[in-house]
Amino acid sequence: MRKFPSDPTVLLTCFSVLGVAALLSAGIAPAFAATISRSADVKASASAVWSMIGPFCAIKNWLPPVGECIEDGKAAFVETQTARNDSEHSYSYAFLSSPLPVSNYKATIKVMANSDGSSTITWSGSFTPDQGKEKAASEALIGVYEAGLAEIKARLAK
């Protein structure tokens with residue numbers, strides 16, 4: 001008679017491997033989390049950048065596809081702020097719902113001061129793409145990040 005290991009880590013690893021094998025043998029690939037990150041350098045102080053993009057609903061001013069930001073949940077993208085640190089010029093948020101083929105989307109926008117008086121804006125996120133939509137999900141979010149950062153940079157260059 002063979003005994004099963006009692007170490008919880010070994011048990012979890014065994015069950016994970018068996019679960020992935022079962023999904024693959026059924027022709028179903030498991031969904032894995034993906035991450036993206038984009039940055040832009042701007043010729044403005046971190047506080048000037050933060051005053052423009054820091055308010056949670058300011059996104060309607062710098063992200064071209066967003067026509068308005070409605071905080072009552074009636075928009076196609078429903079987001080909630082999950083963390084905020086004004087002294088570090090950052091906030092995090094999550095999608096409650098979205099038309100994009102993703103789940104478990106979480107992101108952070110952060111502005112870092114550079115020694116020359118300029119700033120670097122970093123927008124990073126993680127998500128689980130819908131089965132079979134991995135490329136579309138990644139391309140859509142990269143497009144959103146790049147469009148938003150380009151608009152911020154253009155507005156601050158004026």
Side-chain angles (χ1 to χ4, degrees), residues 12-13 15-17 19-24 26-42 44-114 118-158:
L12 287 173
T13 302
F15 285 128
S16 295
V17 169
V20 169
L23 287 171
L24 291 174
I28 302 169
F32 293 102
T35 60
I36 57 172
S37 184
R38 293 293 183 268
S39 295
D41 293 321
V42 293
S45 69
S47 59
V49 175
W50 191 243
S51 69
M52 185 179 108
I53 71 170
F56 190 57
C57 261
I59 192 169
K60 68 183 181 290
N61 300 325
W62 55 265
L63 188 58
V66 177
E68 61 183 310
C69 179
I70 303 170
E71 295 185 76
D72 64 6
K74 294 182 181 177
F77 284 88
V78 180
E79 301 172 342
T80 187
Q81 186 170 259
T82 57
R84 178 173 201 84
N85 188 326
D86 285 316
S87 65
E88 292 186 8
H89 304 117
S90 72
Y91 69 79
S92 299
Y93 66 98
F95 284 171
L96 298 178
S97 65
S98 117
L100 298 179
V102 301
S103 59
N104 303 314
Y105 175 84
K106 297 174 181 79
T108 298
I109 295 175
K110 184 171 180 75
V111 181
M112 298 285 295
N114 297 324
S118 68
S119 303
T120 301
I121 306 162
T122 302
W123 192 354
S124 56
S126 65
F127 60 96
T128 303
D130 291 354
Q131 179 67 34
K133 307 271 183 170
E134 295 83 359
K135 184 176 179 187
S138 182
E139 287 175 352
L141 287 167
I142 288 169
V144 168
Y145 283 28
E146 289 179 353
L149 292 170
E151 184 64 22
I152 293 167
K153 197 170 184 172
R155 287 177 180 257
L156 289 168
K158 294 179 181 177

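- Taking NZ of Lys110 as the reference point, atom OG of Ser92 lies at 9.5 Å (rounded to 0.5 Å).
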- prompt: Can Ser39 and Thr122 be said to form a side-chain hydrogen bond (donor to acceptor under 3.5 Å, both in side chains), step by step?
  reply: CA-CA 4 Å; Ser39 295; Thr122 302; 3.0 Å; yes
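- To the nearest 0.5 Å, atoms CZ (Arg84) and NE2 (His89) are separated by 10.0 Å.
- Within 6.0 Å of atom CE in Met112, 12 or fewer heavy atoms from other residues, nucleotides or ligands are found, so the atom counts as exposed in its surroundings.
- Using modelled atom types, one side-chain atom of Ser51 and one backbone atom of Ala48 make a donor-acceptor pair closer than 3.5 Å.
- Minimum heavy-atom separation, Val42 to Val49: CG2-CG2, 3.6 Å.
- Checked against ring-ring contact (aromatic ring centres under 6.0 Å, His included), Tyr93 has the following partners two or more places apart in sequence or in another chain: Tyr105.
- Note that CD of Glu151 is 10.0 Å distant from CG of Leu156, once rounded to the nearest 0.5 Å.
- With sequence neighbours excluded, no residue forms a side-chain hydrogen bond (donor to acceptor under 3.5 Å, both in side chains) with Ser98.
- Using a 4.5 Å heavy-atom threshold, the side chains of Phe56 and Glu79 count as touching.
- Tested against Ile53, the residues Ile109, Leu63, Ile59 include a single side chain to side chain contact (heavy atoms under 4.5 Å, CB included) partner, Ile109.
- Within the model, atoms CG of Leu141 and CH2 of Trp123 stand 8.5 Å from one another, a figure rounded to the nearest 0.5 Å.
- Between Ser118 and Asp41, every side-chain heavy-atom pair lies at or beyond the 4.5 Å cut-off.
- Inspection of the Ser47 and Ser45 side chains reveals an N or O donor paired with an N or O acceptor under 3.5 Å.
- Side chain of Ser124 to backbone of Ser37: no donor-acceptor contact under 3.5 angstrom is found.
- Between Phe127 and the options Thr35, Ile36, Asn104, a side chain to side chain contact (heavy atoms under 4.5 Å, CB included) holds for only Ile36.
- The distance from the CH2 atom of Trp50 to the OG atom of Ser90 is 6.0 Å, given to the nearest 0.5 Å.
- Remark: the backbone N or O of Met52 is not paired with any side-chain donor or acceptor of Arg155 at under 3.5 angstrom.
- When all heavy atoms are compared, the tightest approach of Ala33 to Thr128 is CA-OG1, 4.2 Å.
- Shortest non-hydrogen contact noted between Leu100 and Ala140 is CD2-CB, 3.8 Å.
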- request: Take Thr120 and Asn114 through the side-chain hydrogen bond (donor to acceptor under 3.5 Å, both in side chains) test and state the conclusion after the steps.
  value: CA-CA 7 Å; Thr120 301; Asn114 297 324; 3.1 Å; yes
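- Partners of Glu88 by side-chain hydrogen bond (donor to acceptor under 3.5 Å, both in side chains), not counting sequence neighbours: none found.
- Minimum heavy-atom separation, Ser119 to Ala44: OG-O, 2.6 Å.
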